[in-house]
Amino acid sequence: MFEQRLRQAMKELQLKQVQVAGLTGKSRGAISQYLSGDRVPPDGVQREMAIALGLEADYFSRRELKPAREAAEEQARARSRGTIRKITVPDAAKILGVDQRTVSKGLQQAVFPWGYAIHTTENRWVYIINADAFERIEGVEL
């Protein structure tokens, strides 16, 4: 069940194995083993991975499954209410000293390990930048 749900989430969120590895902090080898069904992470790791991908914590374990994109959008809305610290694209761009479009495109192309973009409709993207990961990786305080 985990491997199927991970594949479904990756497909719907348009993520590659290397992107999942970067977002979750797991090795590419571990992600490969999860996808092949050779290994199933413990429940706690599954919860951490779901959260890191912007999904609800129980995404991999619940019986009824919402589409990953819908679950990620709901989670993004919940996070914006203060559950997990995040920063905006303009704030990240200002701190990095780059244009906002550069950050947006980087998130869309999974260049930055501290966030990602979800393509929700033809012309709409949802951007999620984890403030804690941003601080840690970029070496800044927010």
Side-chain angles (χ1 to χ4, degrees), residues 1-121 124-142:
M1 180 167 78
F2 177 79
E3 71 187 73
Q4 293 168 342
R5 293 203 176 170
L6 180 57
R7 280 188 192 287
Q8 180 179 345
M10 288 172 60
K11 181 179 178 185
E12 290 179 28
L13 298 174
Q14 299 176 346
L15 296 173
K16 296 179 174 134
Q17 285 186 32
V18 69
Q19 295 167 316
V20 172
L23 290 168
T24 62
K26 303 297 170 200
S27 70
R28 286 185 284 183
I31 300 302
S32 178
Q33 289 180 334
Y34 297 156
L35 290 169
S36 70
D38 290 342
R39 249 174 85 193
V40 176
D43 291 343
V45 172
Q46 290 183 31
R47 294 176 63 77
E48 290 170 4
M49 288 180 66
I51 292 167
L53 295 173
L55 304 168
E56 294 178 12
D58 66 346
Y59 177 83
F60 293 115
S61 61
R62 75 172 94 133
R63 287 182 187 210
E64 201 174 299
L65 189 62
K66 294 179 192 172
R69 186 167 295 195
E70 180 182 330
E73 288 173 355
E74 287 178 13
Q75 193 66 10
R77 285 191 293 275
R79 287 180 178 160
S80 69
R81 291 189 296 268
T83 307
I84 291 179
R85 282 188 334 131
K86 67 180 192 176
I87 63 171
T88 64
V89 168
D91 289 342
K94 184 176 179 182
I95 292 166
L96 295 172
V98 298
D99 187 77
Q100 292 180 31
R101 288 176 298 206
T102 302
V103 174
S104 297
K105 283 291 184 189
L107 291 167
Q108 291 171 17
Q109 296 170 2
V111 172
F112 301 120
W114 31 254
Y116 56 96
I118 301 168
H119 195 198
T120 57
T121 63
R124 179 151 159 58
W125 291 82
V126 173
Y127 300 99
I128 300 171
I129 301 174
N130 182 308
D132 296 327
F134 186 87
E135 282 181 329
R136 186 179 69 254
I137 292 166
E138 298 300 331
V140 297
E141 274 190 50
L142 302 175

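For clarity, every value in this text was computed on a predicted model and none was experimentally measured.
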Could you give me the CA-CA distance, side-chain angles and deciding distance for Phe134 and Ile95, then say whether side chain to side chain contact (heavy atoms under 4.5 Å, CB included) is met?
-> CA-CA 10 Å; Phe134 186 87; Ile95 292 166; 3.8 Å; yes
Gln17 backbone acceptor or donor facing Arg28 side chain under 3.5 Å | no
Looking only at heavy atoms, which two atoms of Ala57 and Ala50 are closest? And how far apart?
->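 Smallest heavy-atom distance, with atoms named: O-CB, 3.8 Å.
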Is there a side-chain contact between [X] and [Y], using heavy atoms and a 4.5 Å cut-off?
X	Y	value
Leu13	Leu55	yes
Val20	Leu35	no
Leu53	Leu15	yes
Leu107	Trp114	yes
Val89	Trp125	no

Just do the side chain to side chain contact (heavy atoms under 4.5 Å, CB included) check on Thr24 and Ile31 with the steps written out, would you?
-> CA-CA 9 Å; Thr24 62; Ile31 300 302; 4.1 Å; yes
Spacing of [atom1] belonging to [X] relative to [atom2] belonging to [Y], to within rounding of 0.5 Å:
X	Y	atom1	atom2	value
Gln109	Lys105	CD	NZ	6.5 Å
Ser27	Tyr34	OG	OH	7.5 Å
Ile137	Glu135	CD1	CD	11.0 Å
Thr88	Tyr127	OG1	OH	12.5 Å

Indicate whether the side chain of Asp99 and that of Thr102 have a donor and an acceptor atom separated by less than 3.5 Å.
-> no
Judged by modelled atom types alone, do Gln46 and Tyr59 share a side-chain donor-acceptor pair under 3.5 Å?
-> no
